[in-house]
Structures are given as structure tokens and as C-alpha cells.
Amino acid sequence: MNPTYQPDEVEARWYKVWEESGSFRPEVNPDGEPFSIVIPPPNVTGVLHMGHALDHAIQDVVIRRKRMQGFAALWLPGTDHAGIATQNVVERELRKEGLTRHDVGREAFIEQVWAWKAKSGDTIANQMRKLGDSTDWSRERFTFDEGLSAAVRKVFVDLYDEGLMYRANRIINWCPRCHTALSEIEVEHEDDPGELTYIRYPFTDGSGFITVATTRPETMLGDTGIAVHPDDERYKDAIGKTVMLPLMDREIPVVGDEGVESDFGTGAVKVTPAHDPLDFEIGKRHGLKSIIVIDTEAKITADGGEFFGMDRFEAREAVRSRLREIDAIEKIEEHQHSVGHCSRCHTVVEPLLSLQWFVKVDALVGPAIDAVRNDESRFIPKRWEKNYFHWMENLQDWCVSRQLWWGHRIPAWYCDDCGETIVSIDDAVSCTACGSSKLTRDDDVLDTWFSSALWPFSTLGWPDQTDDFEKFYPTATLVTGFDIIFFWVARMMKMAVHFTDQAPFSDIVIHGMVRDMSGKKMSKSSGNALDPLELIAEYGADSVRLALIQAAAPGHDIPLDTEWIDASRRFGNKLWNAMRFAVEFMRVSKVPQDGGYPEDPGPEDAWILSRLHEVSGEIDTLLDEYRLSDAYGLLYNFAWSEVFDWYLEMAKSLANDEDRADSMRQTLGVVLRDVLKLFHPAIPFVTEELWSNLGDGSLLITAPWPDVSTRPCPPEIAPLQELVSAIRRFRSQHHIPHKSDVHVTVVSESPLPDWWMRQVASLSNSIPAAGERPTSVAGHTRLSAGAGVEGFIELEGLVDVDAERPRIEKAIAEVETNLAKSVAKLANPSFADRAPEEVVSAERARVEQMNVELDKQRTLLAELG
RNA sequence: GGGCGUUUAGCUCAGUUGGCUAGAGCGCCGCCCUUACAAGGCGGAAGUCGAGGGUUCGAGUCCCCCAACGCCCA
């Protein structure tokens with residue numbers, strides 16, 4: 001074995017072995033209970049970022065452990081066709097050649113996207129392999145593959161037949177850059193600086209004018225009314241009158257509407273039903289016309305008079321200056337206002353009256369809320385449930401049609417002759433109403449999230465009742481970031497409960513976001529992003545995984561720095577060397593997958609085995625609760641400080657003892673084996689590599705999870721460790737050279753065995769001897785080891801007696817402080833009355849112990865001379 | 001405006017039913033190349049747990065209030 005661990009050499013090799021051995025398939029545990037996770041599908045054109053690395057590390061820990069526990073564990077991988085994102089990428093490619101998608105045409109364009117997918121779609125999969133994701137590649141799915149497309153069609157048609165899918169003219173959010181409608185959730189609202197323009201609209205009866213304030217003056221071209229609050233005293237007389245719309249010379253009415261906020265602007269607002277959702281409602285209530293004055297290119301339409309053809313922002317200025325010319329502007333104020341931006345390309349979205357398809361959500365939310373309320377699905381951490389409920393209870397109908405080409409085309413046909421709408425699973429060939437064969441298919445495709453919403457069941461074969469669907473649905477655990485609870489989790493819940501009558505997963509594990517050290521979100525544009533693949537190349541995948549897992553407290557964001565990863569790498573190296581030492585120097589050979597405990601373990605062996613089992617049990621509980629960072633923090637510390645720093649050091653002296661060497665070897669084998677097993681889900685590569693030195697030729701990935709029952713612990717180890725530490729501290733504080741002998745007289749209430757003395761000698765590099773308490777402690781220092789064990793060291797010839805005095809004084813001061821606290825506590829009569837018996841008696845015992853200790857130290861100080 | 005989160009060592013963070021002397025990694029100081037690992041070992045210093053109030057025998061932990069920062073929704 002190399003003296004240092006070389007991850008790059010090891011990782012690719014083991015991944016191949018795992019994959020080729022079929023270890024990622026649930027079939028490796030044919031009799032196991034099913035346990036499944038579907039991956040949150042990354043965008044097919046995407047590249048892996050730290051968020052994925054975190055998300056995948058967590059899922060891999062969960063699935064690898066379940067696999068080792070004997071479950072038929074399935075982690076289903078796949079990708080999302082990511083409508084807008086992917087289409088944008090390919091359009092960008094086209095633009096380099098000076099082309100648009102319209103130049104190449106719909107079919108050719110889609111072919112080009114597929115070609116792109118074929119070329120770059122493997123990127124993500126290969127990056128996942130680098131991370132070590134134990135996904136079952138034989139079950140890999142794509143939201144746009146045949147099976148999933150069939151599921152999408154069925155859901156669309158069923159929803160339509162149930163009256164839950166409808167087409168309507170509504171104000172939707174339109175992205176003029178992506179050229180498509182967006183759902184509410186795809187719009188990011190930001191407070192942008194702007195101006196509030198106050199425009200005077202003259203009454204037609206000549207009785208002056210009414211002033212309205214607007215942040216979007218260009219929309220006045222489409223005004224068809226003025227609205228005031230009916231209770232607003234200022235405008236009581238205005239309601240019912242008409243005004244003349246400046247520039248357009250259109251007579252429009254003033255209406256009273258409860259929806260108007262009286263304290264905004266002048267309290268009177270212009271009504272543009274075609275370009276504002278609230279205005280649309282007002283318009284509907286008062287029978288006002290909708291005039292579309294801004295088109296899908298965000299340019300002024302022919303209905304915009306002299307401004308026809310102008311861009312919306314150009315028109316804003318032009319309208320304002322024309323209004324100024326006719327003296328229709330009262331004033332212009334600076335004004336911060338919320339502006340919607342496309343979450344894809346950040347272009348300012350335009351509210352637009354448009355004919356789109358919508359999912360009626362009322363009927364879907366109730367059962368989806370109930371599934372969480374009755375714990376069929378539970379969020380971890382639980383507090384996310386509140387966000388989920390709040391979101392679900394305030395949902396608007398979901399606009400699902402997108403004016404894109406890349407996506408699931410809407411299965412609706414319109415009859416050219418009678419106008420009938422035909423929605424069907426199979427392509428329609430004739431009109432169901434008039435029989436005409438002149439049909440036109442809807443041009444639009446579905447929101448990407450529509451197919452994602454079906455992911456947990458569509459990937460398993462639904463709507464067919466496949467074996468996989470029967471076996472693995474509903475899935476066990478979903479692991480995802482809080483940022484897509486609304487986009488994805490909520491929609492999966494709605495669709496799954498509606499179509500399968502079951503919640504799609506029982507545990508929804510929400511993790512935070514990976515951030516940089518200043519707490520900023522990592523992004524390519526701000527240049528603070530760490531690239532997981534670069535980090536893997538530098539530190540190894542295990543190090544990246546372990547750092548993320550240890551840092552990821554449930555539901556909290558993770559500030560990540562390469563220092564964390566470096567610490568993990570050092571751990572990997574430590575583990576490597578511990579194993580190398582065990583195998584090469586301690587001659588630990590093959591151990592069986594199970595059992596293998598020494599028949600007659602020595603006390604050191606019994607101790608580390610009992611600790612191993614105790615820690616294994618705690619880790620198991622923590623992992624069941626998805627507290628991965630706690631579990632692996634615990635294991636990290638156990639392995640390093642107890643196994644490596646203590647037991648391995650003990651083992652060095654045991655190796656020279658014929659009677660003890662075999663038991664030690666067996667113990668060391670068992671301990672390292674179980675440490676590898678426990679660590680494997682987090683750091684699969686290095687553990688698998690090390691296992692090959694220890695194991696019986698089997699693979700660690702499918703080895704049985706450790707035994708977590710408890711074992712008794714011999715009581716002598718604690719005082720042994722304490723005495724050793726005390727001697728080391730003494731040496732260190734007095735700068736006693738390593739080579740100098742330190743004689744320690746060990747005094748114990750009960751006799752201490754030889755092995756104990758030998759360990760003290762070897763671990764503290766001292767010469768201990770059992771003896772009587774010195775008749776006079778003068779010229780000695782006293783080391784307390786608890787459990788009735790003390791050590792005395794003669795100072796003569798070793799250290800200056802005076803140098804010892806501050807040491808003792810400090811020890812006394814420390815005990816005095818703690819003693820005072822405890823005494824005060826006990827002196828409080830209600831403490832004894834109200835605190836539980838064991839707490840009180842423990843406190844009494846402490847006081848007693850501290851008194852004894854204090855007494856001894858004081859005597860020592862007095863006699864020091 | 002509503003909701004959520006964060007505030008603990010120099011830095012970044014753990015600390016889940018309230019209960020021994022509040023932990024880790026990194027950094028810092030001292031000693032050590034002791035038969036794996038100097039990417040290491042041993043030892044050490046370092047915290048009024050954001051401020052204030054309350055409940056309790058007992059509060060980093062529960063309640064109230066305030067402040068700063070961050071996120072989500074409107």
C-alpha cells in the first residue's frame with residue numbers, strides 16, 4: 001500500500017466494478033423490502049454544480065445504507081428536458097450562425113435539440129459517476145422519453161375530461177425574450193427604481209379633469225376606463241361620468257370598484273384590462289373592453305395609434321413626451337416598484353391578455369394538503385410544512401401552456417370547420433362534433449414542470465401497473481432543496497395523490513443551499529462558484545462528499561470552503577494509513593463479513609468493541625432521522641480519537657504479547673471493518689478500496705450493515721485513559737524530554753492488573769509501579785485518574801519543585817470554582833425538593849468527589865515544601 | 001406589510017424532549033520525525049452562547065420583547 005491515499009487512481013476503477021457487478025440494482029437484494037428514491041432530475045443540458053453534489057451526497061448516503069441493510073434499494077436516475085432552458089441553449093447555438101428557430105422550422109429545430117441532447121446529455125450522467133452516485137442506470141429516465149410522454153398525455157386528457165384542465169383568455173405573464181407565457185412562480189419580483197407619472201384625463205362634460213398615477217404610462221393607450229374606490233369622498237361625483245383618453249381620443253367611463261386602493265397615487269387608477277390582472281378583473285366587473293396595445297414582441301400594436309411598432313420602453317418615453325406636449329402630465333415622481341422578471345432570462349415580463357391552458361387546482365390541493373397533515377408524507381425538518389401549507393392554500397390556477405417548441409405538445413386539436421376542441425390520447429383525425437377532418441393541432445407545449453410533477457410515478461411505469469410501479473411506488477424518500485418545494489414538490493404531491501391515490505414519498509428531506517464563505521449563493525455570474533468536478537479532481541470525490549455531509553445540518557444553508565474539503569481529505573488519508581498500519585504492521589488479515597469477534601477479548605479489545613457498538617447504534621439512530629452531519633461527525637471523531645489515537649496505540653503493545661496478539665488482531669479487524677462499513681455510504685471509494693485489503697473478496701457496497709447491539713465495557717479503561725492523559729500533561733507542562741524516565745507510583749483502591757500497568761507505560765512513555773500512597777506527599781505531584789486511582793510522581797531530579805506549585809494552584813482553583821457552584825445548587829432547598837432524584841444524588845456525589853480531590857491537592861501543596 | 005431563518009471560540013459552524021466542567025474543523029501557542037500517517041502525534045490557550053425581560057430548583061435550549069443580517073410570500 002502507498003503511504004498516501006491517491007483517490008484519482010481508485011475512484012474510476014471502483015465505480016466501474018460496482019456498476020458492472022449490478023450492485024446499483026435493487027435486484028442485488030432480491031428478497032429485500034423495497035426502498036426507493038427518485039432523483040430530482042437535473043436539466044439534461046446542465047452541468048453538475050455544488051447544489052447537485054450536496055443533494056446527491058445525501059441521497060447516496062441514504063440509499064447505500066439501505067442497500068447494506070438488505071433492502072431492495074433503488075435510486076432512480078434521470079434528467080429533465082427543461083423546456084425553456086434547453087431551447088434557449090440550442091437557439092443560442094443557432095444564433096451563432098445567424099439563424100433563429102423560425103428559420104429552420106419546428107421539426108428540424110426539435111431534431112437539433114435531440115441531437116444536442118444526445119451530445120451533451122451524457123455529461124451529467126458521467127459527472128454523477130464521478131461523484132459516486134449509486135443510481136440504477138438500467139432504469140434511467142428522461143422526462144421526454146416515450147413512457148413519460150405517454151403519462152403526460154394521459155394526465156392531460158384525464159384532467160381535461162374531469163374539467164380540471166381548461167383553456168381560457170386570461171392575463172398571463174409573458175416573457176418577450178423567451179416568447180412564452182410563464183406561470184406565476186416563474187416570475188421573480190424585484191423592487192426596481194421607476195417613476196410614477198401623474199396623467200390628467202379631462203372629463204367630457206368639461207368639468208375639469210381627473211388625475212391618475214401610473215408606473216407604466218405606455219399602457220394608457222389601451223385604457224378603457226378609470227376606476228376609483230366607491231367610498232372615496234374625493235371622487236363621489238366622478239363615478240358615472242366619462243373622460244376623454246388623451247392621445248387616443250377615446251371616451252371612457254369612470255367606475256367605482258372595491259378593488260381600488262385609495263391610498264395609492266391619487267386614488268384614481270387607469271384601467272387597462274388587457275395588460276394588468278387587477279384591471280382585467282375590474283374590466284370584467286364593469287363590462288369594459290380589452291384592447292391589446294402591446295404584442296408578444298413587447299411592441300406597440302396597431303391599436304396603439306401613432307406609437308405603433310415602438311418597443312414598450314421606447315413607447316413609455318414617447319407617450320410621456322407627447323403627454324407633456326399637450327400638458328396632460330401633472331407631475332412625475334421617483335418611485336420604487338415591484339417589477340416581474342423572467343426567472344430564466346431576467347427580462348421584464350409583460351402582463352398580457354392571452355388564450356392559454358390552465359390546470360384548475362382547487363380540486364387537487366385539498367388531498368395534497370391532507371397527505372402531509374395526516375403524516376402520509378412528512379417534511380424534514382418539519383417547519384417546511386408550514387410553507388407548504390401556506391403555498392397550497394393560496395394557489396392560483398396553473399398556466400401550463402408554453403409557446404415553445406421543445407416540450408410535450410399539448411394533445412388538443414381544433415376543428416377548422418366548427419371550432420370544436422378535441423383532446424385525446426391518440427392523435428385526433430376527425431372532429432368529434434362535425435366529423436370534419438380539417439383539424440389543427442395546438443401549437444403549444446406544456447410547462448416542463450408538468451412532466452416533472454409526474455416524475456415519482458411516471459418513471460416507474462405508470463399508467464401501466466408495471467412490476468416496478470407495484471414494488472417501488474410510493475417511494476420512500478425525496479431529497480431536495482427548499483427552493484423547489486413550490487415548483488416541484490407541491491406539484492408532485494398534487495398530481496400523485498390525484499392520480500395514484502397515494503402520496504408519492506413518505507419522507508421529504510429538505511436541505512439548504514451551498515453558499516460561499518460570505519454566505520452568498522454560489523453562481524457562475526458572481527464568480528464565487530466552486531466547481532464540484534474541479535474539487536473532485538483535486539481532493540477526490542470522497543472528500544467533497546464528506547465535507548458536504550458533515551456541513552449539512554438539516555435544513556440549513558452550507559457555507560462551503562475548500563478548507564472543509566481539505567480536512568476531509570486528511571481524514572481519508574488518516575483512515576488509509578490506519579488501515580495500512582493494521583494490515584502491514586499488525587498483520588491483520590481477512591475478516592468475515594459478519595461476526596469475527598475474538599472469543600476471549602482482552603479488556604482493551606472489549607472496550608473498543610463496546611464503544612464501536614455503542615457508536616454504531618447512535619449513528620444508526622441519527623441516520624434514521626436524516627441527521628447525516630451528526631452521524632458522520634460522531635463517526636469521524638470516534639474513528640480518529642478513539643480507534644486511531646487510543647486503540648491503535650494500545651494495539652502496538654498488544655502485538656508484542658503472545659497471549660494477546662491474536663485477540664487484538666481479531667478486534668482490530670472487526671473494528672476497522674465496521675468503521676469502513678459505517679463510513680461507506682459517505683465515502684464509498686476509499687472504503688471500498690480499503691475493504692479489498694481486509695474483506696473476503698466481496699464488495700463493501702453490498703456488505704451487511706454492522707451489528708448495533710450493545711456490548712459491556714470494562715470499567716478500568718476510563719481511569720487508564722485519565723492517568724495517561726495526566727502523565728502526558730505533566731510531561732508537557734514541565735517540558736520533560738521524551739527520553740527522560742518518569743516514574744509513577746500508582747495507588748488504587750482495588751488492585752490493578754499487569755496489562756493496565758503495561759498500557760500506562762506504553763501510552764504515556766513512563767515507568768509506572770503499583771505502590772502505596774507515599775507517607776508524606778512532600779516533593780511529589782499527584783495525578784488524579786478518578787475511580788479511586790491516583791498517580792504520584794517524585795519531583796526530585798525531574799523538575800523544579802517551585803515550578804510545580806502553580807500547576808497545583810491552578811488545579812485547586814478549578815475545583816474550587818466548580819465546587820462552589822455545586823454547593824450553591826445543593827444549598828437551594830427547592831433544588832433537592834423539585835429536581836429528579838438522580839440529578840440530586842449525582843450532584844451530591846460530585847461534591848463529595850470534589851471535596852476529596854480538593855483535600856488531596858491542598859495537602860500536596862502544603863507539603864510541597 | 002405577513003411568514004421563516006440566523007446571531008455560540010479568532011474564522012466557519014454543531015449543540016432535538018431544559019440537567020455533570022458548552023463541542024468540532026480550521027487557525028493560534030508549546031513540545032515531539034515515539035516501530036501507520038509531519039496531510040501526523042501529545043499537550044495548551046481561547047466563549048458574559050446578539051441585548052433585555054420572564055418561566056423554572058435549573059435556560060445556549062422554553063416564553064415575551066428588541067436589534068442586526070438573510071430568505072420566502074404579498
Side-chain angles (χ1 to χ4, degrees), chain A residues 1-5 184-185 188-189 338 381-384 386-387 390-391 394 482-483 485-486 512-513 515-521 539 547 550-586 622 625 627 629-630 633-634 636-637 640-641 644-645 648-649 651-652 655-656 724-739 762-765 814-815 817-819 821-822 824-836 838-840 842-843 845-847 849-850:
Chain A
M1 287 173 76
N2 280 328
T4 53
Y5 172 55
E184 206 59 49
I185 200 173
E188 290 169 1
H189 294 272
S338 174
K382 203 159 184 73
R383 64 185 153 83
W384 288 108
K386 211 183 284 180
N387 289 49
H390 181 258
W391 175 258
N394 293 287
F482 61 79
D483 49 328
I485 292 178
F486 303 147
M513 227 183 275
R515 296 176 179 279
D516 71 6
M517 287 314 269
S518 58
K520 281 203 285 283
K521 188 176 171 174
Y539 299 95
Q550 285 209 78
H556 287 204
D557 284 347
I558 302 160
L560 189 77
D561 189 81
T562 50
E563 270 182 22
W564 282 80
I565 300 167
D566 198 49
S568 296
R569 194 203 57 202
R570 284 204 290 266
F571 178 80
N573 195 56
K574 183 77 182 173
L575 186 63
W576 177 266
N577 274 290
M579 183 64 71
R580 186 164 71 96
F581 175 70
V583 170
E584 292 181 0
F585 296 83
M586 297 284 107
L622 291 168
E625 295 166 358
R627 292 167 56 186
S629 62
D630 291 329
L634 177 64
Y636 180 102
N637 285 314
W640 202 314
S641 49
F644 304 155
D645 289 345
L648 236 41
E649 292 305 315
K652 286 176 182 172
N656 300 323
V724 168
S725 292
I727 297 169
R728 287 169 174 171
R729 205 174 305 131
F730 175 79
R731 282 195 103 102
S732 174
Q733 282 168 349
H734 288 302
H735 302 296
I736 297 168
H738 195 246
K739 300 262 161 24
S762 142
L763 295 170
S764 66
N765 193 34
E814 231 173 75
V815 179
T817 311
N818 292 322
L819 184 62
K821 272 191 217 162
S822 293
K825 205 186 242 187
L826 284 166
N828 186 341
S830 34
F831 175 67
D833 290 350
R834 309 222 184 165
E838 66 265 24
V839 174
V840 178
E843 200 63 37
R846 276 191 69 214
V847 166
Q849 204 189 321
M850 282 190 285

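A note on names: the letters A, B, ... follow the listed sequences, proteins ahead of strands, and every chain is numbered from 1. Values below: every heavy atom of this structure, side chains too, minus hydrogens, waters and symmetry copies. Note that the coordinates shown come from a computational prediction; the quantities given were computed from them, not determined experimentally.
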For the pair F730(A) and H734(A), name the ring-plane relationship: parallel under 30°, tilted 30 to 60°, perpendicular over 60°. perpendicular
Whichever of N637(A) and H390(A) has the more 5' nearest nucleotide on RNA chain B, that residue is N637(A)
Whole-Å distance, W564(A) CH2 to G27(B) C1', equals 14 Å
The side chain to side chain contact (heavy atoms under 4.5 Å, CB included) partners of V847(A) (sequence neighbours excluded) come to L819(A), S822(A), V823(A), L826(A), N851(A)
Please write out the pairs of protein N or O atoms and N or O atoms of nucleotides 4-8 of chain B separated by less than 3.5 Å, giving the distance to one decimal.
from: C4(B); atom 1: OP1; to: K386(A); atom 2: NZ; distance (Å): 3.3

One should read off an interatomic distance between Y5(A) OH and N2(A) CG, to the nearest 0.5 angstrom, of 11.0 Å
Hits for side-chain hydrogen bond (donor to acceptor under 3.5 Å, both in side chains) against S762(A), two or more places apart or cross-chain, chain-then-number order -> none
Exercise for the section: Sticking with atom C1', work out how far G25(B) lies from G18(B), rounded to a whole angstrom. Expected result: 28 Å
Protein N or O to nucleotides 30-34 of chain B N or O, pairs below 3.5 Å:
none

Quiz prompt | U35(B) to U21(B) separation - P atoms, rounded to the nearest Å | solution = 40 Å
*Base, sugar-phosphate alone, or nothing: which one does Y5(A) contact when heavy atoms must sit under 4.0 Å apart?*
nothing
message = Taking any heavy-atom pair under 4.0 Å as a contact, classify S629(A): base, sugar-phosphate, or nothing.
response = nothing
Sorted by chain and residue number, the side-chain hydrogen bond (donor to acceptor under 3.5 Å, both in side chains) partners of S629(A) (sequence neighbours excluded) come out as none
Rounded to whole Å, the CZ-C1' distance (R729(A) to C42(B)) equals 11 Å
For L648(A), answer base if it contacts any base atom (sugar-phosphate contacts may also be present), sugar-phosphate if it contacts only those atoms, and nothing otherwise; contact means non-hydrogen atoms under 4.0 Å. base
Rounded to whole Å, the CE-C1' distance (M850(A) to C20(B)) equals 9 Å
- request: Using the P atoms only, state how far A51(B) lies from U34(B), rounded to an integer number of Å.
  value: 48 Å
Any base atoms under 4.0 Å from A567(A), or only sugar-phosphate, or nothing? Heavy atoms, all strands.
sugar-phosphate
Salt bridge (Lys or Arg N to Asp or Glu O under 4.0 Å) filter on E188(A), not counting sequence neighbours, yields none
Do other residues, nucleotides or ligands put more than 12 heavy atoms under 6.0 Å from H189(A) NE2?
yes
Those residues at least two apart in sequence (or on a different chain) that pass ring-ring contact (aromatic ring centres under 6.0 Å, His included) with F486(A) are W391(A)
Do N577(A) and F644(A) have side-chain heavy atoms sitting under 4.5 Å apart? no
Sequence neighbours excluded, the answer for side chain to side chain contact (heavy atoms under 4.5 Å, CB included) partners of A567(A) is none
Task: Any R570(A) side-chain N or O less than 4.0 Å from OP1/OP2 of G40(B) - done: yes
Between the CE atom in M586(A) and the CG atom in L648(A), the distance rounded to the nearest 0.5 Å is 7.5 Å
Any stem touching RNA chain B, meaning at least three consecutive Watson-Crick or G-U pairs under 3.5 Å, ordered by first number, would be B:1-7 with B:67-73, B:10-13 with B:23-26, B:28-32 with B:40-44, B:52-54 with B:62-64
From CD1 of I558(A) across to P of C26(B) the rounded distance in Å is 19 Å
Rounding to 0.5 Å, atoms CD (Q550(A)) and CG (D630(A)) come to a distance of 10.0 Å
Please confirm whether the shortest side-chain N or O distance from W391(A) to OP1 or OP2 of G3(B) is below 4.0 Å.
no
**Item:** Interatomic distance at P, C69(B) relative to U56(B), whole Å
**Value:** 35 Å
Nearest-nucleotide check on RNA chain B, L622(A) vs F585(A); residue mapping nearer the 5' end is L622(A)
Exercise. Please measure how far the C1' atom in C42(B) lies from the corresponding atom in C33(B), and state the result in whole Å.
Key: 14 Å
In whole angstroms, the gap separating P of C71(B) from CG of D483(A) amounts to 13 Å
Q: Have a look at D566(A) and say if it touches a base, only the backbone sugar-phosphate, or nothing, with a 4.0 Å heavy-atom cut-off.
A: nothing
Say we look at C26(B) and G43(B): how far apart would their P atoms be, to the nearest angstrom? 16 Å
From CG of D645(A) across to C1' of G43(B) the rounded distance in Å is 13 Å
* Asked: So W384(A) and F482(A), would you call those rings parallel, tilted or perpendicular, with 30° and 60° as cut-offs?
  -> parallel
For Y539(A), the ring-ring contact (aromatic ring centres under 6.0 Å, His included) test, sequence neighbours excluded, returns none
Atom CD of E584(A) and atom C1' of U35(B) are separated, to the nearest Å, by 13 Å
Per the under-4.0 Å heavy-atom filter, residues of residues 574-581 of chain A near RNA chain B come out as K574(A), N577(A), A578(A), R580(A), F581(A)
To the nearest angstrom, the CG-C1' distance between D630(A) and G15(B) comes to 8 Å
Taken in chain and number order and not counting sequence neighbours, the residues that satisfy salt bridge (Lys or Arg N to Asp or Glu O under 4.0 Å) with D566(A) are R569(A), R570(A)
Take atom C1' in G3(B) and the same atom in G15(B), then report the distance between them in whole Å.
-> 26 Å
*N or O in side chain of S725(A) less than 4.0 angstrom from G43(B) OP1/OP2*: yes
- prompt: Quantified in whole Å, what is the P atom distance between nucleotide G23(B) and nucleotide G70(B)?
  reply: 32 Å
Q.
Base of A36(B), side chain of E649(A) - is there a donor-acceptor contact under 3.5 Å?
A. yes
Do we get K574(A) above Y636(A)'s six-membered ring, with its NZ or CZ under 6.0 Å from the centre and within 45° of the axis? no
